[in-house]
Amino acid sequence: MFKVKSRDKETRARTGTLETAHGEIPTPIFMPVGTAGTVKGILQRDLTEDINAKIILGNTYHLYLRPGTGILKASGGLHKFMNWSRPLLTDSGGYQVFSLAGNRKLTEEGAVFKSHIDGSRHVFTPENTIDIQRIIGADIMMALDECAPFPCDHRYAEKSVALTHQWLDRAVSRYKETEPLWNYEQLLFPIVQGSTFDDLRKISAEKAASINMAGNAIGGLSVGEPADEMYRIIDIVNEILPDDKPRYLMGVGTPVNILEAIERGIDMFDCVMPTRNGRNGMLFTSEGIINIKNRRWIDDFSPIDPSGPSVVSLYYSKAYLRHLVISGEILGSQIASIHNLSFYLRLVSEARVKIEEGNFKRWKEQMIIKLSERL
RNA sequence: UCCUCAGUAGCUCAGUUGGUUAGAGCAACGGACUGUUAAUCCGUGGGUCGUAAGUUCGAGUCUUACCUGGGGAG
């Protein structure tokens with residue numbers, strides 16, 4: 001159940017709450033990515049207490065291959081398995097089918113793919129990805145889709161959308177004819193596709209809206225297209241997606257991307273950027289974006305981020321974090337990830353406050369400038 | 001003192017029977033990363049080949065002397 005709390009007067013931005021079986025999620029929200037049942041390098045305790053993540057992702061593809069549905073079922077679902085009591089969302093594996101391009105084949109039935117772990121053959125269908133997500137016990141499940149590559153021609157995109165829609169119908173049927181395994185409600189979100197083609201995006205948004213699920217997702221963006229293209233598509237799609245349901249922009253993005261999308265009416269985000277880029281030395285701070293590996297930080301003993309999105313941001317210096325990352329120390333990855341995730345969570349939290357205060361637009365314009373700066 | 005092995009990039013080392021602008025890994029420096037196949041990947045700089053002489057059309061490669069280091073003998 002989604003409730004809109006307040007709306008920005010100048011833009012499509014809004015705040016709200018999404019109720020799930022494991023708790024209420026304030027929106028707009030950023031969801032840390034925890035592919036294999038872990039947000040890489042971060043303890044669940046830090047996730048709840050320091051970062052204050054309201055919901056995290058898991059991935060059907062990865063969890064299905066390892067540890068496998070047997071263990072997930074025996075453990076009582078992913079929440080229990082990983083000791084996470086807040087909401088979970090699982091991606092259907094559609095994106096993996098896309099990113100494993102060389103190793104898969106799409107058929108009407110589903111996606112045939114080879115495991116990146118041992119090369120074994122598997123098939124994902126709209127039906128079995130629902131079944132797997134039932135076993136995982138995700139509060140929000142995603143329908144299997146095809147994430148078309150960019151660039152792709154209209155013909156390919158049209159066929160891809162048709163396949164995604166056919167799969168969507170089947171996923172919805174399976175969803176409706178099955179019960180949750182763990183005695184709590186699981187939501188299912190459809191995914192809008194259509195590459196950068198306005199007509200296909202409109203058709204796809206209408207399709208998603210028509211099946212009347214608890215929320216809707218936009219996929220197939222930030223796959224290489226220019227940011228302006230992405231913003232344009234978001235505008236087109238959000239014009240059509242129901243306003244009283246949450247809109248989830250999958251896989252996005254940079255802090256700037258997120259603010260631009262919030263302005264356009266997006267409520268939910270996920271992205272590997274704060275964790276992966278953090279591990280690789282990229283820090284998002286109130287002072288700008290920094291590459292902590294650069295020599296210039298070698299003797300900068302000021303806090304990682306004096307504005308302190310997390311305790312580690314204030315507790316450790318840039319010079320120390322540089323030393324850790326340069327030395328390949330695990331703690332470096334952890335600190336960078338905790339800081340970046342906290343930065344992202346605080347960014348959306350501030351956005352919520354600004355929307356409610358009625359000065360989102362002005363705040364956003366100022367933030368964009370700061371967030372684009374590279375030090 | 002003699003014998004022997006070795007000296008090539010900051011480090012550890014490749015470099016065919018002599019044959020073009022001497023390579024690698026690591027380190028350094030910079031970059032990429034957007035529903036994670038990523039503690040990953042890409043790029044750049046850096047060498048009087050221990051020194052000096054010789055042989056040769058041509059020497060990191062062969063010869064001689066010396067210097068430095070390892071091992072051995074006395």
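Here is the naming used below: chain letters follow the sequence lines, and residue numbers restart at 1 for every chain. Keep in mind it's a predicted model, so treat the numbers as computed, not measured.
B:rU63 and B:rA53 make up a base pair, with Watson-Crick or G-U wobble contacts both under 3.5 Å. Across the strands present, B:rG46 finds no partner; the criterion is a Watson-Crick or G-U wobble pair with both atom distances under 3.5 angstrom. Nucleotide B:rA38 forms a pair with no other nucleotide shown, judged by Watson-Crick or G-U wobble geometry with both contacts under 3.5 Å. In this structure, B:rA9 forms no base pair with any nucleotide, since neither Watson-Crick nor G-U wobble geometry is met with both distances under 3.5 Å. When both distances must be under 3.5 Å, the Watson-Crick or G-U wobble mate of B:rG18 does not exist. Nucleotide B:rC33 is matched to nothing when pairs are restricted to Watson-Crick or G-U wobble geometry with both distances under 3.5 angstrom. B:rC2 is paired with B:rG72 under the Watson-Crick or G-U wobble criterion, all donor-acceptor distances under 3.5 Å.
Using a 4.0 Å heavy-atom cutoff across all strands shown, A:I191 reaches at least one base atom of the nucleic acid. Among the atoms of the strands shown, only primed sugar atoms or phosphate atoms (P, OP1, OP2) are found under 4.0 Å from some heavy atom of A:N59. Within the 4.0 angstrom heavy-atom criterion, base atoms lie near A:R279. In this structure, A:I218 reaches neither bases nor backbone, as no heavy-atom distance under 4.0 Å exists between it and the strands shown. Across all strands, A:E225 comes closer than 4.0 Å to no nucleic acid atom at all (heavy-atom distances). Residue A:N280 is classed as a base contact, given a heavy-atom separation below 4.0 Å to a base. Within 4.0 Å of A:G220, counting heavy atoms only, lies at least one base atom of the nucleic acid. No engagement by A:R296 is indicated, since no non-hydrogen atom pair under 4.0 Å with the nucleic acid exists.
One atom, CD1 of A:I290, and another, P of B:rG30, lie 13 Å apart when rounded to the nearest Å. Rounded to whole Å, the distance from CE on A:M282 to P on B:rU40 is 18 Å. We find that OH of A:Y64 is positioned 18 Å from P of B:rU36, with the value rounded to whole Å. Here B:rG30 presents its P atom at 8 Å from CZ of A:R295, a figure rounded to the nearest Å. One atom, CZ of A:R276, and another, P of B:rC33, lie 10 Å apart when rounded to the nearest Å. Atom CZ of A:F269 and atom P of B:rG35 are 13 Å apart (whole Å). The CD1-P distance, from A:I117 to B:rU37, rounds to 11 Å in whole Å. When rounded to the nearest whole Å, the span between CD1 of A:I298 and P of B:rC29 equals 7 Å.
Here the separation of B:rG60 from B:rU51, taken at their P atoms, is 11 Å to the nearest Å. Separating the P atom of B:rC29 from that of B:rU37 is a span of 30 Å, rounded to the nearest Å. When the C1' atom is compared between B:rA28 and B:rC11, the two are found 12 Å apart, to the nearest whole Å. Here, B:rG7 and B:rU48 have their C1' atoms 15 Å apart, quoted to the whole Å. Between the P atoms of B:rG15 and B:rG19, the separation comes to 13 Å (whole Å). Straight-line distance between the P atoms of B:rU12 and B:rU36: roughly 44 Å, to the nearest whole Å. Across B:rC49 and B:rA9, the matching P atoms stand 10 Å from one another, rounded to whole Å. Going from the C1' atom of B:rC57 to that of B:rC62 covers 16 Å, rounded to whole Å.
Between B:rA32, B:rU37, B:rU34, one nucleotide has an atom nearer to the side chain of A:R374 than all others, and that is B:rA32. Ranking B:rU34, B:rU36, B:rA39 by closeness to the A:N257 side chain, first place goes to B:rU34. Nearest to the side-chain atoms of A:L57 among the listed nucleotides B:rG35, B:rU36, B:rU34 stands B:rG35. Distances were taken from every side-chain heavy atom of A:N291 (C-beta onward) to each of B:rU37, B:rG35, B:rG31; the shortest belongs to B:rG31. Minimum atom distance to the side chain of A:I326 is reached by B:rA28, of the listed B:rA28, B:rU34, B:rG35. Which of B:rG35, B:rU40, B:rU36 sits closest to the side chain of A:T35 comes down to B:rU36.
A close approach under 4.0 Å does occur between a side-chain nitrogen or oxygen of A:S99 and OP1 or OP2 of B:rU37. Within the 4.0 Å cut-off from OP1 or OP2 of B:rU37, at least one side-chain nitrogen or oxygen of A:Q96 is found.
For the atom pair CG of A:L181 and OH of A:Y184, the computed distance is 9.0 Å after rounding to the nearest 0.5 Å. The OG atom of A:S222 sits 12.5 Å away from atom CD1 of A:I233, with the distance rounded to the nearest 0.5 Å.
Remark: aromatic rings of A:Y344 and A:F30 are close, center separation under 6.0 Å. Ring centroids of A:Y316 and A:H339 are separated by 6.0 Å or more, keeping the two rings apart.
Taking a 6.0 Å sphere around CD of A:E177, one finds it holds more than 12 heavy atoms contributed by other residues, nucleotides or ligands. By the 6.0 Å contact criterion, OH on A:Y315 is open, its count of non-hydrogen atoms from other residues, nucleotides or ligands being 12 or less. The local environment of CG in A:L375 is crowded, with over 12 non-hydrogen atoms from other residues, nucleotides or ligands closer than 6.0 Å.
In the interface, the side chain of A:E146 is not paired with the base of B:rG35 through any donor and acceptor atom under 3.5 Å apart. Judged by distance alone, with hydrogens and angles left aside, A:S115 brings no side-chain donor or acceptor close enough to the base of B:rU37 to form a pair under 3.5 Å. Donor-acceptor pairing under 3.5 Å, judged by distance alone, is absent between the side chain of A:N294 and the base of B:rG30.
Taking the six-membered ring for Trp and thresholds of 30 and 60 degrees, A:F113 and A:H122 have nearly parallel ring planes, at less than 30 degrees apart.
Residue A:G281 is the one, among A:H116 and A:G281, whose nearest nucleotide of RNA chain B lies closer to the 5' end (criterion: closest heavy atom). Toward the 5' end of RNA chain B, the nearer of the two residues A:L221 and A:G328, judged by each one's closest nucleotide, is A:L221.
Of all heavy-atom pairs spanning A:I29 and A:L345, the tightest one is CD1-CD1, 4.1 Å.
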